[in-house]
Amino acid sequence: MPELPEVETTLQAIKLFENKTLSSVKINNPNLRWLVDKSINKKISNKKIVSIFRRAKYLIIDLCDHYLIIHLGMSGTLRIMNRSDNYFKKHDHAEFIFKNKKLIYNDPRRFGSIHITDSYKDHFLINKLGPEPLSREFSGKYLYSVIKSSNTNIKNFIMNQKNVVGIGNIYASEILFKASIKPTRVAKSISMHECDLIAKYSKNILKRAIKVGGTTLKDFFSAEGAQGYFKIQLNVYDRADQKCKKCKGVIEKIIQNQRATYFCDACQN
DNA sequence: CTGAGATCCTGTCTGC
DNA sequence: TGCAGACAGGATCTCA
């Protein structure tokens with residue numbers, strides 16, 4: 001489901017569990033993308049949460065001597081409930097229970113995962129990730145240095161989490177539209193100036209999306225279930241055959257690496 | 001090593 | 001309305 005802004009929005013909502021003690025963990029269905037460690041409850045129940053943060057699209061919960069890593073996959077959500085609430089939704093696979101509240105992991109497609117580890121930085125999901133798009137490290141200069149040796153198309157390149165994290169299928173199309181770069185271009189043909197544009201608009205678009213509550217998604221809701229979240233204005237994604245907002249062109253939809261790509265053939269070069 | 005395609009899974013929407 | 005088929009926000013894996 002979520003790209004970086006949606007994960008960031010979820011993070012902000014669940015930060016209220018910082019400095020709280022996790023009473024217990026209940027796994028209703030361990031068959032996620034990876035099997036959930038059977039000893040998870042033993043390892044982290046009655047532990048105090050030191051901090052909660054985000055790396056790429058992963059939420060990381062620091063429990064002092066263990067880290068909980070949560071990925072929402074394509075369809076995962078977290079929601080906060082009162083501990084006494086006893087209604088369930090289909091696909092509520094895990095429950096993190098606190099004194100007064102509980103945090104529920106729901107994921108229909110089960111492409112997400114929950115891991116427990118001693119050292120998150122060494123974890124196989126984390127240790128090969130590229131730079132954060134909103135960090136100083138992610139610049140046109142950095143991009144240009146890694147892009148030169150890549151023969152894949154530029155859209156696939158910026159979605160590859162080894163090159164830069166957090167950019168998913170929606171924002172990849174949006175970023176390339178803003179940068180006026182055709183998504184089918186071979187990565188190594190991208191110029192230094194174009195790398196600057198990609199870096200600039202990645203930051204710009206992701207920041208704006210975070211500001212409005214991080215939702216491009218039809219079924220995305222904040223962990224508090226709060227209303228009033230605005231949809232970010234999409235320029236190309238899901239706008240096939242509609243008018244380009246920049247020029248008089250028409251938005252096209254193509255399939256790249258089995259994913260839908262949207263772009264304007266007239267103003268993206 | 002790289003890059004392309006298949007794959008995991010359920011829900012929703014479209015067209016016949 | 002029923003049902004088959006396409007498609008969906010991710011990312012790993014398998015194979016050439």
Side-chain angles (χ1 to χ4, degrees), chain A residues 1-11 28-36 54-59 69-78 88-94 105-115 123-130 133 146-176 183-189 202 205-206 209-210 212-223 229 231-241 253-262:
Chain A
M1 164 191 78
E3 302 186 36
L4 186 145
E6 291 76 25
V7 179
E8 183 66 28
T9 299
T10 303
L11 168 70
N28 301 319
N29 182 358
N31 295 297
L32 306 182
R33 177 68 176 81
W34 281 277
L35 198 67
V36 180
R54 179 188 61 72
R55 172 76 175 106
K57 297 171 191 168
Y58 298 93
L59 291 164
I69 302 175
I70 299 176
H71 193 267
L72 299 172
M74 198 90 104
S75 56
T77 51
L78 289 172
F88 283 86
K89 285 191 180 176
K90 204 174 174 182
H91 310 299
D92 281 350
H93 304 313
Y105 177 91
N106 183 286
D107 185 4
R109 291 175 77 178
R110 286 185 277 125
F111 288 175
S113 57
I114 298 172
H115 307 261
H123 194 268
F124 76 103
L125 292 171
I126 307 289
N127 63 14
K128 292 183 186 68
L129 293 172
V146 291
I147 223 164
K148 280 185 297 192
S149 56
S150 177
N151 282 306
T152 195
N153 63 72
I154 183 61
K155 190 233 186 182
N156 200 44
F157 183 89
I158 61 172
M159 283 178 68
N160 185 335
Q161 307 294 300
K162 284 179 189 163
N163 299 324
V164 55
V165 302
I167 298 171
N169 202 41
I170 295 177
Y171 293 113
S173 282
E174 294 297 320
I175 289 162
L176 293 174
T184 50
R185 287 266 300 281
V186 175
K188 66 179 173 192
S189 76
S202 297
I205 290 170
L206 293 172
I210 291 168
V212 299
T215 177
T216 49
L217 308 179
K218 287 179 215 128
D219 57 359
F220 183 80
F221 53 95
S222 76
Y229 280 75
K231 262 192 188 175
I232 186 172
Q233 201 63 41
L234 295 176
N235 285 308
V236 286
Y237 188 85
D238 206 23
R239 294 194 65 244
D241 303 324
K253 176 185 179 180
I254 59 170
I255 303 295
Q256 286 182 291
N257 308 79
Q258 286 119 232
R259 310 295 297 278
T261 301
Y262 298 84

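Chain naming here is simple, since letters A, B, ... match the order of the sequence lines and numbering starts at 1 in each.
One interatomic measurement links the two molecules: CG of A/D238 to P of B/dT14, which rounds to 11 Å at whole-angstrom precision. Between the CD1 atom of A/I69 and the P atom of C/dT12 there is a distance of 12 Å, given to the nearest Å. Rounded to whole Å, atom P of C/dG10 lies 15 Å from atom CG of A/L59. Residue A/L32 contributes atom CG, which lies 15 Å from atom P of C/dT12 at whole-angstrom precision. Between A/N160 atom CG and C/dG10 atom P there is a gap of 13 Å when expressed in whole angstrom units. Spacing between atom CD of A/Q256 and atom P of B/dG3 amounts to 14 Å, rounded to whole angstrom units. Between A/N29 atom CG and B/dC9 atom C1' the separation is 11 Å, expressed in whole Å. Straight-line distance from the NZ atom of A/K162 to the C1' atom of B/dC1: 10 Å, rounded to whole Å.
Residue A/R33 places its side chain closer to C/dG10 than to any other of B/dA4, C/dG10, C/dC7. With C/dT12, C/dG10, C/dA8 as the choices, the nucleotide that has an atom nearest any side-chain atom of A/W34 turns out to be C/dT12. Of the candidates C/dA8, C/dG10, B/dA4, C/dA8 carries the atom nearest the A/Y237 side chain, counting heavy atoms from C-beta on. Listed candidates were C/dT12, B/dA4, B/dG11. Nearest to the side chain of A/L125 is C/dT12. Counting only heavy atoms from C-beta on, A/E3 has its side chain closest to C/dG10 among B/dG11, C/dG10, B/dT10.
Counting distance only, with no hydrogens placed and no angle test, the side-chain atoms of A/R259 and the base atoms of C/dA8 include no donor-acceptor pair under 3.5 Å.
Taking CD1 of A/I69 as the reference point, atom CZ of A/R55 lies at 11.5 Å (rounded to 0.5 Å).
Residues A/E8 and A/R54 are paired through a salt bridge, judged by an N-O separation under 4.0 Å between the basic side chain and the carboxylate.
In terms of phosphate contacts, A/N257 brings a side-chain nitrogen or oxygen within less than 4.0 Å of OP1 or OP2 of B/dA4. Look at A/K90 and you'll find a side-chain N or O under 4.0 angstrom from OP1 or OP2 of B/dG11. In terms of phosphate contacts, A/S149 brings no side-chain nitrogen or oxygen within less than 4.0 Å of OP1 or OP2 of B/dT2. In terms of phosphate contacts, A/H91 brings a side-chain nitrogen or oxygen within less than 4.0 Å of OP1 or OP2 of B/dG11.
Between the side-chain ring of A/F111 and the base of C/dA11, no stacking contact exists by the 5.5 Å and 30° definition.
Of the two residues near DNA chain C, A/Y58 and A/R109, the one whose nearest nucleotide lies more 5' is A/R109. Between A/Q258 and A/S150, the residue whose closest nucleotide on DNA chain B is further toward the 5' end is A/S150.
Using a 3.5 Å distance cut-off with no hydrogens or angles, the side chains of A/D92 and A/N29 do not pair a donor with an acceptor. Counting only N and O atoms by type, the side chains of A/N153 and A/T184 include no donor and acceptor under 3.5 Å apart.
Nucleic acid contact for A/K253: sugar-phosphate only, since backbone atoms but no base atoms lie under 4.0 Å from a heavy atom of the residue.
Side-chain contact between A/L176 and A/I154 is present, with heavy atoms from C-beta onward closer than 4.5 Å. Looking at heavy atoms from C-beta onward, A/V165 lies in side-chain contact with A/P133 at the 4.5 angstrom threshold.
B/dC9: no Watson-Crick or G-U partner with both key distances under 3.5 Å is found in any strand.
Nucleotides C/dC7 and B/dG5 place their P atoms 16 Å apart, quoted to the nearest Å. Atom name P, nucleotides C/dT14 and B/dC9: the rounded distance is 15 Å, in whole Å.
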